[in-house]
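Every heavy atom of this structure was used, including side-chain atoms; hydrogens, water molecules and symmetry mates were not. Residue indices begin at 1 and follow the sequence shown. Predicted model, so just to flag it, every value in this text is computed and none were measured.
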Amino acid sequence: MKNKVVFDSVACPEGAIINLACGHISLNEIEFINEKVIVNIEAKTGEIELFDFKSNKLLSTKVKTPLSGDEKFSEVKCIVEGEQIKLGFPQYTYKDNYPHCDGEHDRWTKKISDFDFLCHNIPKR
């Protein structure tokens, strides 16, 4: 199973942060409708694949997942600038809420401190 998301770069010229499935289902498919590119992101392993709409593989790579906290990506920032698709993988910081928490579900607050961007040129049509 995949979590499928559509990204419209015309509607979001400044980009958008897309929430990723990162639990039992952790494979995410982001369809860049205007650029005709599909991005697959495995939130737990950092494996990335880009395809055109004809299923031709454009890129296969891996980004380093966070080494602390929950060790997975919960979101990605998608931006199209000029002729490039940019995927921003968050760097997280964690705040320990102990003893002001009700248990493990709210023990930690996870915040994005910055992004590491993976850039790929949009294929010519």
Side-chain angles (χ1 to χ4, degrees):
M1 290 184 74
K2 285 184 190 177
N3 173 44
K4 296 187 178 188
V5 179
V6 174
F7 178 72
D8 183 349
S9 60
V10 173
C12 301
E14 299 299 315
I17 295 177
I18 307 292
N19 291 323
L20 299 176
C22 55
H24 175 67
I25 297 171
S26 59
L27 182 57
N28 298 271
E29 179 181 285
I30 303 172
E31 181 181 336
F32 285 74
I33 57 171
N34 300 306
E35 295 71 29
K36 301 199 181 322
V37 172
I38 294 171
V39 176
N40 288 330
I41 300 173
E42 205 333 307
K44 291 181 181 178
T45 65
E47 294 174 30
I48 314 295
E49 293 182 320
L50 278 75
F51 296 90
D52 64 16
F53 277 13
K54 295 178 184 174
S55 298
N56 297 312
K57 189 180 282 189
L58 305 172
L59 176 69
S60 181
T61 191
K62 189 172 182 176
V63 294
K64 191 174 212 173
T65 54
L67 298 176
S68 61
D70 53 6
E71 299 178 350
K72 60 188 175 187
F73 291 112
S74 303
E75 51 272 309
V76 65
K77 185 169 187 175
C78 296
I79 303 173
V80 174
E81 289 182 347
E83 296 299 311
Q84 284 192 329
I85 289 174
K86 295 183 175 186
L87 303 171
F89 292 93
Q91 296 174 7
Y92 298 109
T93 57
Y94 297 88
K95 179 184 173 207
D96 189 350
N97 296 311
Y98 183 80
H100 307 289
C101 59
D102 296 327
E104 283 302 313
H105 71 282
D106 66 345
R107 167 89 188 251
W108 298 94
T109 301
K110 180 177 175 178
K111 293 179 88 175
I112 298 172
S113 61
D114 203 1
F115 292 94
D116 289 324
F117 282 94
L118 172 69
C119 303
H120 186 74
N121 290 333
I122 299 168
K124 304 290 183 209
R125 295 178 219 157

Where the side chain of [X] meets the backbone of [Y], is there a donor-acceptor pair that is under 3.5 Å apart?
| X | Y | answer |
| --- | --- | --- |
| Asn28 | Ala21 | yes |
| Lys44 | Gly23 | yes |
| Ser113 | Gln91 | yes |
| Lys72 | Cys22 | yes |

Which value, rounded to the nearest 0.5 Å, describes the distance between Phe117 atom CZ and Leu87 atom CG?
->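 Answer rounded to 0.5 Å: 9.0 Å.
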
Indicate if [X] and [Y] have the same hydrophobic cluster label, given that clusters are the connected sets of ILVMFWY residues with side-chain heavy-atom separations under 4.5 angstrom.
| X | Y | answer |
| --- | --- | --- |
| Tyr94 | Ile112 | yes |
| Phe32 | Phe53 | no |
| Val5 | Phe7 | yes |
| Val76 | Phe115 | yes |
| Val63 | Ile17 | yes |

Is there side-chain contact between Leu58 and Phe51, with at least one heavy-atom pair below 4.5 Å?
->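 Leu58 does not reach Phe51 side chain to side chain.
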
Applying side chain to side chain contact (heavy atoms under 4.5 Å, CB included), run through Lys86 and Lys77 and close with a yes or a no.
-> CA-CA 8 Å; Lys86 295 183 175 186; Lys77 185 169 187 175; over 6 Å; no

Minimal non-hydrogen separation, [X] against [Y], with atom names:
| X | Y | result |
| --- | --- | --- |
| Val80 | Ser9 | CG2-CB, 3.6 Å |
| Ile38 | Glu29 | CG2-CG, 3.4 Å |
| Lys124 | Glu83 | NZ-OE1, 4.0 Å |
| Ile79 | Glu14 | CG1-O, 4.1 Å |

Between Lys36 and Asp52, is there a salt bridge with N-O shorter than 4.0 Å?
->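 Looking at Lys36 together with Asp52, the answer is no, because their closest N to O distance does not fall below 4.0 Å.
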
side-chain contact (heavy atoms from CB on, under 4.5 Å) with Ile41: which of Leu20, Ile18, Asn3, Leu27?
->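 Answer after filtering Leu20, Ile18, Asn3, Leu27: Leu20.
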
I would like to know whether Ile85 and Ile122 meet side chain to side chain contact (heavy atoms under 4.5 Å, CB included); could you show each step before the answer?
-> CA-CA 6 Å; Ile85 289 174; Ile122 299 168; 3.8 Å; yes

Partner set under ring-ring contact (aromatic ring centres under 6.0 Å, His included) for Phe89, not counting sequence neighbours |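 In terms of ring-ring contact (aromatic ring centres under 6.0 Å, His included), with neighbours along the sequence ignored, Phe89 is linked to Phe73.
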
Identify the residue among Asp102, Asp106, Thr109 that makes a side-chain hydrogen bond (donor to acceptor under 3.5 Å, both in side chains) with Asn97.
->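 One option only clears the test, and that one is Thr109.
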
Return yes if a side-chain donor-acceptor contact under 3.5 Å exists between Tyr92 and Asp70, otherwise no.
->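 No pair is found: no donor N or O on one side chain lies under 3.5 Å from an acceptor on the other.
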
Go through Lys111 and Lys95 one step at a time and tell me if the side chain to side chain contact (heavy atoms under 4.5 Å, CB included) criterion holds.
-> CA-CA 8 Å; Lys111 293 179 88 175; Lys95 179 184 173 207; over 6 Å; no

